[in-house]
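Everything on this sheet refers to the single structure shown next.
Residue numbering restarts at 1 for every chain, and letters A, B, ... go by the order of the sequence lines.
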Amino acid sequence: MKSGSASNKVVLYWHRTDLRLHDSPALHAALALNPSVFIPIWTWDPHYVYRSRVGPNRWRFLLECQSDLSHSYSQLNSKQKLWVVREAPLTVLPKLWKQWDITHLVFEKDTDSYARDRDDAVLRLAHEAGVEVIVKMGRNLFDPDELVRKNGGKPTMSISQVEKAAGQINHAQPDQPWDTPKSIPHPWEQDKMDLGSMEHEIAEPTPDLNSNHRIAKDTQYSLIMGPKNDFAVPTMEEIGIDSSLAISPHRGGESVALTMLSNYIQDDEYIGTFEKPKTSPAAFEPQSTTLLSPHLHFGTLSVRKFWWDVQGDLNKRKQEKKPNATIPTNLLGQLLFRDMYFAAQAAVGEPFSRTYGNKAVRFIDWHLQSEPQQGADNVLPARAYEIDSAEAEEWFQRWKTGRTGFPWIDALMRQLKQEGWIHHLGRHSVACFLTRGGCYVSWERGAEVFEELLIDHETACNVGNWMWLSCTAFFSQFYRCYSPVAFGKKWDPSGEFVRRYVPELARFDKKFIYEPWKAPIADQKKWGCRVTNDDSAGDGQVYPKPMFDFDERRQVCMDRMKNAYDVGLHGADEQVLNGSWRQLFGEDGDDHQGPKAKKQKTLEGD
DNA sequence: GACAAGTTGCCCGG
DNA sequence: CCGGGCAACTTGTC
């Protein structure tokens, strides 16, 4: 190496939220130690493998990210790769430190609540083992904890709060990105890298929230270095996930992400005029937004590089006197929203992803509420919910599987399942429909489905957006309700999007494409699809009737929202924690009852 | 206490 | 494509 003799530092670099080489503050810090031995690892945390909901598309996307990173390491140093270890971090890390004579452990800061606890435990173990630990923030524009401090210790609940708080951090400009390293030190010689003689602890697979996606026994934990003892990135077969269901066209990996970004950046008209509310949720091939969110999630794209590359285009256009869209609707604003949700989560901590015990969110008397987990640990495995209404349960299942009978909703839910991605406004449509604008089902049920199916699933952002749409936090104008008919029609009057994802209706006239149940029977026959709940009807295809009258449901939901706002409970209130909230809302939970709190309020007023 | 602002509603009229 | 009515939320500022 040209930088002279290396130190005697042996650095273990732990990849988690940062599957990239470019602009990684943690990787930069690790290499700045000038290590004589450098070992970049991934280790499979059972919390992700079994206790997080991960569908086939995201599994494959993650494996692609790992393969790409491993390949990039090998290109910089033919002895290097991403060393994929199959054991839980808390048990395997101390053994690796010993086996590989590690002096330093380096990783990127993760402010998700589970990760904080895990990393705190790792810090304690490292201290005991005499291993020095370096942790660097690189996942966000601004350190979520620092944003919270600048926001008076409170969760960031609006973009203006974020702008104000970020303004006190380097004038609201994130740090400049680091370059990609030009060389990577060697690992140990092959025989020392070998873990064959190390004790191996196999992760406990129950409960396995992803068992419904496995077609074979999950064997990834049976051999610590993988089936060929070469630390290779696992295959879908090794983890037992059905790869025939991983049909998303969206690809993982740092090189894919950087190519996508540079293509967008070359088009300064697209970057400069981007306004999120004006991008179409019905666009496909190509979509109207960047599709870079999954890369931000896995850290295959640095959010700070994204920021500064966009800023570069905006500065250039400014000099050329071309107009630029502004925060919050422009691309920079989108990245700030991501930081807003991270900082809100960082402030609230573990209860952030649910209502129960969460003081930052409004309590609403949804159907299918999460059951409080008395004395449960933070992990919340298969989160239980109360089926208080068989009707609502059926609506939820039909929503999830794209059989509501509303083509716009069903098209979006089928796109979600197939591709692992839908446009932000499409997420608005289906989230409003499930919660305050249709089914009146708890937002937590919807968030869990998104957690499973989205390739860009980010807990802070997903949960935050569900709170937004359900008007439980961040947003409160519940009288602004998305129509499952009008909203799609506005963006896509001829219904191309519906035809693509609900092929049964492909031949329907555009007059009926959003409301096929209104088409005359003769036309339904002519267009090859009967709109009926009788699956055996006719010879051709069948599409269900709408599962309820939307206008009727909108009114019911709005009345109940008004009532819930009048009651005014929040997730950490006594009445929520002890279950007595039911008395405040009326015991039978009848959708058609009048608002109860209104009356109480009037009495108080007297 | 009034008033404005808040990334992305719908419907109708011009 | 724009504006107002619809019926009406919270937060921040004056």
Hey, does [X] reach any base, or is it just sugar-phosphate, or nothing, if we go heavy atoms under 4.0 Å?
| X | result |
| --- | --- |
| A:Gln334 | base |
| A:Arg362 | sugar-phosphate |
| A:Lys164 | sugar-phosphate |
| A:Phe337 | base |
| A:Trp468 | base |

Rounding to the closest angstrom, what is the interatomic distance between [N] and [M] at atom [atom1]?
| N | M | atom1 | result |
| --- | --- | --- | --- |
| C:dT13 | B:dT7 | P | 14 Å |
| C:dA8 | B:dG6 | C1' | 14 Å |
| B:dA5 | C:dG3 | P | 15 Å |
| C:dG4 | B:dA4 | P | 14 Å |

Can you check the [X] [atom1] to [N] [atom2] distance for me, whole Å?
| X | N | atom1 | atom2 | value |
| --- | --- | --- | --- | --- |
| A:Leu335 | B:dT7 | CG | P | 16 Å |
| A:Phe487 | B:dT8 | CZ | C1' | 7 Å |
| A:Arg427 | B:dG9 | CZ | C1' | 20 Å |
| A:His428 | B:dC10 | NE2 | C1' | 16 Å |
| A:Phe274 | B:dT8 | CZ | P | 15 Å |
| A:Arg480 | B:dC11 | CZ | P | 15 Å |
| A:Gln555 | C:dC6 | CD | C1' | 12 Å |
| A:Lys489 | B:dC12 | NZ | P | 11 Å |

So if I take every side-chain heavy atom of [X] and compare against [options], which nucleotide ends up nearest?
| X | options | value |
| --- | --- | --- |
| A:Tyr565 | B:dC10, C:dA8, C:dC9 | C:dC9 |
| A:Gln477 | B:dG6, C:dA8, B:dC10 | B:dG6 |
| A:Ser476 | B:dG6, B:dC11, B:dT7 | B:dG6 |
| A:Gln161 | B:dC10, C:dC9, C:dG12 | C:dG12 |

- Query: How about A:Trp408 and A:Ser429: does a side-chain donor come under 3.5 Å of a side-chain acceptor?
  - Reply: yes

- Query: Taking atom types as modelled, is there a side-chain donor on A:Thr435 or A:Arg445 under 3.5 Å from an acceptor on the other?
  - Reply: no

- Query: Under the criterion side chain to side chain contact (heavy atoms under 4.5 Å, CB included), which of A:Trp399, A:Phe548, A:Trp395, A:Phe550 is the partner of A:Thr404?
  - Reply: A:Trp399

- State whether A:Phe342 and A:Arg139 meet the cation-pi test: NZ (Lys) or CZ (Arg) under 6.0 Å from the six-membered ring centroid, and within 45° of the perpendicular axis. no

- Task: Find the partner of B:dC12: check Watson-Crick (N1-N3 plus N6-O4 or O6-N4) and G-U wobble (N1-O2, O6-N3) distances, both under 3.5 Å, and reply none if neither fits.
- Result: C:dG3

- Query: Is there a Watson-Crick or G-U wobble partner for B:dA4 with both distances under 3.5 Å, and which nucleotide is it?
  - Reply: C:dT11

- Query: Do A:Asp143 and A:Lys109 come within less than 4.5 Å of each other through their side chains, counting heavy atoms only?
  - Reply: yes

- Salt-bridge criterion met for A:Glu452 and A:Arg53 (N-O under 4.0 Å): no

